[in-house]
Structure formats: C-alpha cells, structure tokens
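Report on one structure; see the data block that follows.
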Protein chains: 2
Amino acid sequence: MENRRASTENEIIKVALKVFTEKGYKGATMRDIAKAAKVNLAMLNYYFRSKENLFDIIFEKSFLLIYEKLMGAFSSKKPLFEKISAFSNAYIDTFIDNPAIPNFIFNEITHNPAHLANKIKDNQPIMEMINTFQQQIDEEVEAGTIKPVNSFELLLNLLALSVFPFIAKPMLKEVFGFSDLNFGALLERRKTSVARFVINAIKL
Amino acid sequence: MENRRASTENEIIKVALKVFTEKGYKGATMRDIAKAAKVNLAMLNYYFRSKENLFDIIFEKSFLLIYEKLMGAFSSKKPLFEKISAFSNAYIDTFIDNPAIPNFIFNEITHNPAHLANKIKDNQPIMEMINTFQQQIDEEVEAGTIKPVNSFELLLNLLALSVFPFIAKPMLKEVFGFSDLNFGALLERRKTSVARFVINAIKL
DNA sequence: GTCTATAGCGGGATAGAC
DNA sequence: GTCTATCCCGCTATAGAC
C-alpha cells in the first residue's frame with residue numbers, strides 16, 4: 001500500500017527530527033530512531049538508505065517550512081510596523097506547531113554553519129526580502145519617522161526576540177517550573193508582545 | 001614541573017571547549033582533541049581520566065565564568081535602567097572574550113536541559129537575584145514609571161538580545177559576509193545599543 | 001516488505017615499554 | 001610523564017532467509 005508506506009516514512013521523519021534534535025547527529029543512533037518509530041533497524045536503511053540521507057531529508061523539510069511561512073508574511077509591500085508584526089507572528093506561530101525545529105536548526109548552525117548559510121545566500125528571493133526590509137528601515141530613519149537605528153541590528157533583534165524563547169525553552173521550563181500549558185500561553189502572548197516591544201523601542 | 005603540567009592542562013581545556021562546541025559531545029573524538037591540543041591521545045586520559053570528566057571540567061569552568069561576571073553586574077541595588085545596562089554589558093563583554101561558551105552552553109541546554117537548570121535552581125543567590133529583578137520591574141509597572149510589561153518577558157527579552165547574536169554568529173557571518181573585525185565591531189556596539197533598545201521599549 | 005545475524009569500522013580506554 | 005599498540009564495544013550498513 002503506497003499510503004501505508006508514506007505514513008510510515010512520515011512517522012519516521014517526525015520522530016527522527018525529535019531524536020536528532022535531542023541528541024545531536026552523532027549522539028542519535030539509528031537504533032534510537034528505529035525504537036522511537038517502532039520499526040526494525042533494517043527498515044530504516046530500506047526506506048532511507050543511510051543515516052546521512054535521513055538527516056538531509058529532515059533538514060530540507062524544516063528549511064522549506066520556515067522559508068514558505070516567512071516569505072508569505074514578509075514579502076508583500078506593507079508599512080514597516082505591519083511587517084514587524086507579521087514577521088514575529090509567523091515565526092512564533094510556525095515554531096509553536098513545530099517545536100523541535102528551532103533547536104534542530106541551531107544544532108546545524110553550530111556544527112555546520114555553511115550548510116544553512118549557503119542555502120540562504122543562494123536563494124535570491126530571501127536575500128532580496130532582507131535587503132528590502134533593511135532599506136525600508138533606513139528610509140524611515142532618514143525621513144525621521146522612527147528613532148535612529150542600525151537596520152541590521154533591528155533585524156537581528158527581531159529575530160532574537162522571536163526565536164530565542166524556543167531554543168532556551170528546555171531550560172527555562174526546568175528553572176522556572178513552567179508546565180507545557182503555561183509555557184504555551186507565554187508563547188501565544190509573544191505572537192503580539194514581541195512586535196509591540198520592538199515597535200515601542202523604535203517609534204518616536 | 002607543576003607549571004608545565006598546569007599550562008598543558010589549560011591548553012587542552014581551551015581547545016577541547018572549541019572542539020566540543022563545534023562537533024558536539026559525541027561528534028568530538030578524543031583523537032580530535034588530542035590532535036588540536038598537540039598532545040598524544042594517551043596523555044588526554046592520563047590528565048583527565050575520561051572524555052566525560054574532561055567535558056564536566058569544561059562545563060564547570062564555563063558556568064563559573066558566567067556566574068561570577070553576572071553576579072557582579074546584577075546583584076547590587078541599582079535603578080532598573082542601570083541594571084539593564086550592566087547586565088547586557090557584562091554578558092556581551094564576557095562572550096566577546098570567550099566566544100565558544102554561548103554555543104557550548106546551548107548545546108548542553110538542548111541535549112541535557114536538566115544539567116544546567118539544576119545548577120541554577122540549586123544556586124540560591126542566582127534565584128534571589130532573578131526574583132529581585134522581577135520584583136523591581138513589577139513595582140515600577142505598578143507605580144506607573146515604566147510601560148506595563150510582564151517582568152518575566154522583559155528578562156527573557158534582555159537575555160535574548162544579549163545572547164542570540166553569539167549563538168547565531170557562525171551563520172550570520174556566512175550569510176552577510178562579515179569579517180571577524182566587522183562582527184566584533186557590531187558586538188562592541190551592542191554593549192550599549194541593547195540596553196538602549198530595551199529601555200526605549202519600556203520607558204514612558 | 002520485514003526480519004535476524006553479522007561484517008566492518010571507528011572511538012574510548014588502557015597496558016606496558018621507555 | 002610520554003609514547004605505541006591494542007583491546008573491546010557500539011555503531012552503520014548490508015546480506016540473505018522468509
């Protein structure tokens with residue numbers, strides 16, 4: 001059954017993302033992944049040929065998800081403050097639905113920065129979107145309609161405020177004793193509060 | 001010579017921090033570390049008994065460094081805005097001098113969140129410092145001297161803005177083509193601009 | 001497609017000579 | 001203290017029965 005096969009593959013990809021994230025590429029064993037996905041070890045190689053190929057598939061999927069959501073939120077011609085809201089909302093929303101992805105991506109950034117960087121650099125629409133956003137900021141600073149800020153730093157700050165809570169989540173939950181429910185509520189609030197914070201920081 | 005031994009040990013610890021950070025705990029091999037430190041493989045075990053013990057020593061050292069710098073900057077009775085400046089300045093300054101530590105710590109947070117979390121939870125001075133800071137924010141909100149903000153979110157934002165550029169650094173450098181010098185200059189600027197950004201976001 | 005068994009290799013740790 | 005040689009385990013990947 002083609003459907004059966006596809007659903008088994010998707011199940012493996014889903015749990016493998018989690019195992020790779022929690023243990024790192026080398027730390028995650030094919031035995032771990034097989035056990036978590038409740039399939040035989042040999043089946044993993046039957047479906048995915050190799051550990052590296054399985055990892056690449058997951059990386060590709062994760063990148064595509066982020067890419068599509070962000071292009072939708074960020075690309076159109078909107079006023080600056082609306083873009084800031086749309087960006088943080090899209091980012092936070094995507095990661096609420098896919099909580100393993102931020103740490104998965106950050107592992108990869110740390111251990112193989114060129115991999116993701118090249119995918120971004122080689123992607124013209126992304127680079128244009130970033131340039132347009134920075135130009136928009138520079139123009140508003142020039143026109144005196146927002147406080148003077150470095151446009152790259154503002155982009156960095158927006159990204160930091162949106163992403164950081166997800167990568168720090170495992171520890172924040174332990175230290176401050178958040179339940180899943182409470183931490184989820186915090187993240188929901190941030191879909192609006194991050195943009196409010198950033199806009200307050202730069203508006204006159 | 002006791003000094004010779006101590007300096008060899010320190011050299012190993014220094015390069016091992018880098019190798020563990022770049023490759024992760026499992027990905028880093030004792031052979032990698034020996035090669036990078038220019039010592040024989042057997043010497044590593046002679047000095048540190050095991051890979052795990054070497055890792056623990058590095059973790060302990062990294063934690064202590066952050067702990068001491070932050071306690072100095074954050075503990076005294078200062079007005080809120082001064083604390084915000086002192087906090088971000090101390091954090092960023094420490095990581096400029098020790099650029100591998102943020103990613104090292106974040107690897108550990110991802111793969112073993114309870115380890116660092118327990119060290120923080122069990123440390124009364126830290127927890128008191130955090131509580132005091134949050135109270136201070138709540139009181140100012142109550143008194144109407146700053147905009148209404150959730151005190152935990154403000155703490156989280158301050159941390160995010162200070163730390164995120166360091167953990168994203170490897171990729172940011174590749175994507176935006178920063179030289180070490182240019183990225184260093186950006187980080188230097190952030191020693192003051194992060195506090196300014198946060199203060200602008202909450203002041204009336 | 002699914003399983004068991006195993007080949008083959010890389011890595012942590014140590015024995016033992018110097 | 002320093003080195004070489006090696007033990008031994010655990011992992012990826014695959015052969016081959018069903």
Side-chain angles (χ1 to χ4, degrees), chain A residues 1-62 100 104 107-108 110-112 115, chain B residues 1-62 100 104 107-108 110-112 115:
Chain A
M1 210 85 158
E2 195 53 35
N3 277 348
R4 172 88 169 285
R5 180 189 166 113
S7 78
T8 302
E9 274 192 20
N10 281 333
E11 176 64 14
I12 292 171
I13 288 170
K14 203 181 105 191
V15 305
L17 165 63
K18 201 157 173 284
V19 177
F20 277 132
T21 302
E22 283 168 1
K23 305 199 174 186
Y25 179 75
K26 284 274 185 178
T29 69
M30 292 295 264
R31 285 170 172 86
D32 287 337
I33 295 167
K35 203 173 174 186
K38 286 169 191 153
V39 299
N40 187 280
L41 169 62
M43 290 310 291
L44 276 189
N45 285 291
Y46 175 77
Y47 280 123
F48 298 99
R49 284 202 328 281
S50 73
K51 182 183 183 179
E52 203 183 343
N53 188 47
L54 174 56
F55 183 87
D56 289 344
I57 288 168
I58 292 169
F59 178 81
E60 213 58 41
K61 242 178 112 91
S62 301
F104 178 81
N107 278 341
E108 185 65 0
T110 307
H111 300 142
N112 193 1
H115 186 194
Chain B
M1 209 84 161
E2 195 52 37
N3 278 348
R4 172 88 168 286
R5 179 188 167 115
S7 77
T8 303
E9 274 191 20
N10 280 333
E11 176 64 15
I12 293 170
I13 287 171
K14 203 181 103 191
V15 305
L17 165 62
K18 200 156 172 287
V19 177
F20 277 132
T21 302
E22 283 168 1
K23 305 199 175 187
Y25 179 74
K26 285 273 185 178
T29 69
M30 292 295 264
R31 285 167 173 85
D32 287 337
I33 295 167
K35 204 173 173 184
K38 288 169 190 153
V39 299
N40 187 280
L41 169 62
M43 289 311 290
L44 276 189
N45 285 291
Y46 175 76
Y47 280 123
F48 298 101
R49 285 201 328 280
S50 74
K51 183 184 184 180
E52 204 185 342
N53 187 48
L54 173 57
F55 183 87
D56 288 344
I57 288 168
I58 292 169
F59 178 81
E60 211 59 42
K61 243 178 112 90
S62 302
F104 177 81
N107 278 341
E108 185 65 1
T110 306
H111 301 142
N112 192 2
H115 185 195

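Side chains are part of it too, since the values below use all heavy atoms of this structure and drop only hydrogens, waters and symmetry mates. Numbers restart at 1 for each chain; the letters A, B, ... are given by sequence-line order, proteins then strands.
- Distances were taken from every side-chain heavy atom of A:K51 (C-beta onward) to each of D:dA13, C:dT4, D:dG1; the shortest belongs to D:dA13.
- Atom CG in B:L44 sits about 12 Å away from atom P in D:dT2, given to the nearest Å.
- Phosphate contact (OP1/OP2 of D:dT12, side-chain N/O of A:N45, threshold under 4.0 Å): absent.
- In this structure, B:L41 and A:R31 both approach DNA chain C, and ranking their closest nucleotides by distance from the 5' end singles out A:R31.
- D:dA13 atom P lies 14 Å from atom CZ of A:F55, rounded to whole Å.
- Within the 4.0 angstrom heavy-atom criterion, no nucleotide atom of any strand lies near A:F48.
- Ring planes of B:F59 and B:H115: parallel class, angle under 30° (limits at 30 and 60°).
- Note that NZ of A:K35 and CG of A:L41 are 12.5 Å apart. Values are rounded to the nearest 0.5 Å.
- Note: OH (B:Y46) to P (C:dG16) measures 18 Å, nearest angstrom.
- One can place CG of B:N40 at 11 Å from C1' of D:dA5, the figure rounded to the nearest angstrom.
- With respect to A:E11, the side-chain contact (heavy atoms from CB on, under 4.5 Å) criterion is satisfied by exactly one of A:V15, A:T8, A:I13: A:V15.
- Distance from the side chain of B:A42 is smallest to C:dT14 among C:dA13, D:dC11, C:dT14.
- Considering A:K18, A:K51, A:K23, A:K26 as possible partners of A:D32, the one that fulfils the salt bridge (Lys or Arg N to Asp or Glu O under 4.0 Å) test is A:K23.
- Contacts of B:M30 with the nucleic acid, taken as non-hydrogen atoms under 4.0 Å apart, involve only primed sugar atoms and P, OP1 or OP2.
- Look at NZ on B:K23: it is 16 Å from C1' on C:dG12, rounded to the nearest Å.
- Map B:K26 and B:T8 each onto its nearest nucleotide of DNA chain D; the residue landing nearer the 5' end is B:T8.
- Counting to the nearest Å, the C1' atom of C:dG11 and the CG atom of B:L54 are 15 Å from each other.
- Of the candidate nucleotides C:dC3, D:dT4, D:dG1, D:dG1 has the atom lying nearest to any side-chain atom of B:M43.
- One atom, NZ of B:K38, and another, C1' of D:dC3, lie 19 Å apart when rounded to the nearest Å.
- Summarising the geometry, the separation between CZ on A:F20 and P on D:dC11 is reported as 14 Å, rounded to the nearest angstrom.
- For C:dT2, one of the phosphate oxygens OP1 or OP2 lies less than 4.0 angstrom from a side-chain nitrogen or oxygen of A:Y47.
- Within 4.0 Å of B:A28, counting heavy atoms only, lie sugar-phosphate atoms of the nucleic acid but no base atom.
- Aromatic ring centres of A:F55 and A:F48 lie farther apart than the 6.0 Å criterion allows.
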